[in-house]
Amino acid sequence: MRHALLAVSLLAVAMPAIAAEAPTPTINVIGSGKAERLADYAFLNFTLRGEGATSPEAVKALAAAQARLEASLPKLPGKPATETRSFNLQIREVRAKGCENRGYPQLTSGDCTIVGSIATQGFQLRVTPATKAGDAASLVAQLGGVDVNASGGGVTDEGALDDAAMRDAIADAKRQAQLIATASGVKLGAIQRVQDNQATPVGAFGYSAAPPPPPPPPPLPVPAVSLASPLNYAPQPITRTARVMVTYGLEP
């Protein structure tokens, strides 16, 4: 009998401890967020070309085309800020027609006489504000640029856009959790855990985030360039998305 009473007493002491160790009920939800704003800058891709009887002449013609463009960009209406990067420089010999479609080395005489040279170089132009990218494209084409195409744009403060997407994702998670708690007849408690599941940029091209450059000096007064045809263009709005997994506590 004494042993039975002792066992009951130990069980009575252990039960509150066991009850205290019971896990707090929780709920996991995944919130999706999105933030969007108009692009601050836009990108243009294009190719400049120079031709000549010899390679040096072709290179000289290409350099002259580039100089004309660089001199004309600051004269665009509205004086947009521009930044040019170059890539994919090619200097190629042009042979007589009788030498076409021969897939092996050829002499420079006879049917394969070199009749000229072509120098091409690809460029990417960043235009700020983005609304002036159309006029910049028109100017590039006017000055002999070929294969002109717009390749999207970006925003200067990418962190602010990422933050806005994250806030939207957390708000969406709370909305879902509150709906489930109410439907289940319990009270939504405090956040137990937050996990960033995804942060995907959409629409950004070419340039990684970097501290903003110092302000440029005041521009020199220059006459505006005369565009053959002004052109309206603006890239698609820049979008950031975010996904978070949030764990909430539940109360009776």
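All heavy atoms count here, side chains included; hydrogens, waters and symmetry mates do not.
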Review point. Side-chain heavy atoms under 4.5 angstrom apart, residues restricted to Ile, Leu, Val, Met, Phe, Trp, Tyr: same cluster for Leu38 and Leu161?
Key: no

Check your understanding: Do you reckon Val194 sits in the same ILVMFWY cluster as Leu250, going by side-chain contacts under 4.5 Å, direct or chained?
Key -> yes

Any side-chain heavy atom of [X] within less than 4.5 Å of one from [Y]?
X	Y	value
Lys174	Tyr248	yes
Leu44	Arg126	no
Ile27	Thr247	no
Arg240	Glu158	yes
Leu89	Leu62	yes
Leu143	Leu139	yes
Ile30	Val244	no
Leu48	Leu69	yes

Search all heavy atoms of [X] against all heavy atoms of [Y] and return the closest pair with its distance.
X	Y	value
Ala58	Ser117	CB-O, 3.4 Å
Gly189	Glu251	CA-OE2, 3.9 Å
Gly50	Ala61	CA-CB, 3.7 Å
Phe46	Val148	CB-CG2, 3.9 Å
Asp168	Lys34	OD2-N, 2.9 Å
Val127	Pro80	CG1-CB, 4.1 Å

Review point. Is the count of non-hydrogen atoms from other residues, nucleotides or ligands lying under 6.0 Å from Gln236 atom CD greater than 12?
Key: no

Point to revise | Flag if over 12 foreign heavy atoms under 6.0 Å of CZ, Arg193 | key: no

Say you draw a straight line from [atom1] of [X] to [atom2] of [Y]; how long is it, rounded to the nearest 0.5 Å?
X	Y	atom1	atom2	answer
Thr54	Glu93	OG1	CD	11.0 Å
Asp147	Asn45	CG	CG	10.0 Å
Thr82	Leu125	OG1	CG	5.5 Å
Arg175	Ile170	CZ	CD1	14.5 Å
Met166	Thr241	CE	OG1	9.5 Å
Arg92	Ser55	CZ	OG	11.5 Å

**Study point:** Under the salt bridge (Lys or Arg N to Asp or Glu O under 4.0 Å) test, residues paired with Arg68 that sit two or more places apart
**Key:** none

Pair up each side-chain donor or acceptor in residues 178-188 with any protein partner under 3.5 Å, not counting sequence neighbours, and list the distances.
{"from": "Gln178", "atom 1": "NE2", "to": "Thr182", "atom 2": "OG1", "distance (Å)": "3.2"}
{"from": "Thr182", "atom 1": "OG1", "to": "Gln178", "atom 2": "O", "distance (Å)": "2.9"}
{"from": "Ser184", "atom 1": "OG", "to": "Ile180", "atom 2": "O", "distance (Å)": "2.8"}

Exercise for review: Show your working on side chain to side chain contact (heavy atoms under 4.5 Å, CB included) between Ser86 and Gln66 and close with a plain yes or no.
Suggested key: CA-CA 10 Å; Ser86 57; Gln66 184 176 357; 5.5 Å; no

Check your understanding: Is there a donor in the side chain of Ser32 and an acceptor in the side chain of Arg243, or the other way round, less than 3.5 Å apart?
Key -> yes

Exercise for review: Establish, from distance only, whether the side-chain atoms of Thr26 and Gln192 form a donor-acceptor pair under 3.5 Å.
Suggested key: no

Exercise for review: Apply the test side chain to side chain contact (heavy atoms under 4.5 Å, CB included) to residues Glu83 and Tyr41: give CA-CA distance (whole Å), side-chain angles for both, the deciding distance (0.1 Å), then the verdict.
Suggested key: CA-CA 11 Å; Glu83 179 183 346; Tyr41 54 84; over 6 Å; no

Practice item. Could I get the full list of side-chain contact (heavy atoms from CB on, under 4.5 Å) partners for Val94, not counting sequence neighbours? Key: Val115, Ile118

**Study point:** Derivation of the side chain to side chain contact (heavy atoms under 4.5 Å, CB included) call for Met245 and Val29
**Key:** CA-CA 6 Å; Met245 178 180 291; Val29 292; over 6 Å; no

Exercise for review: State whether the side chain of Asn88 and the backbone N or O of Gly122 hold a donor-acceptor pair below 3.5 Å, judged by distance alone.
Suggested key: no

**Study point:** Pair Gln121-Gln90, side chain to side chain contact (heavy atoms under 4.5 Å, CB included): steps then yes or no
**Key:** CA-CA 6 Å; Gln121 188 166 14; Gln90 292 187 336; over 6 Å; no

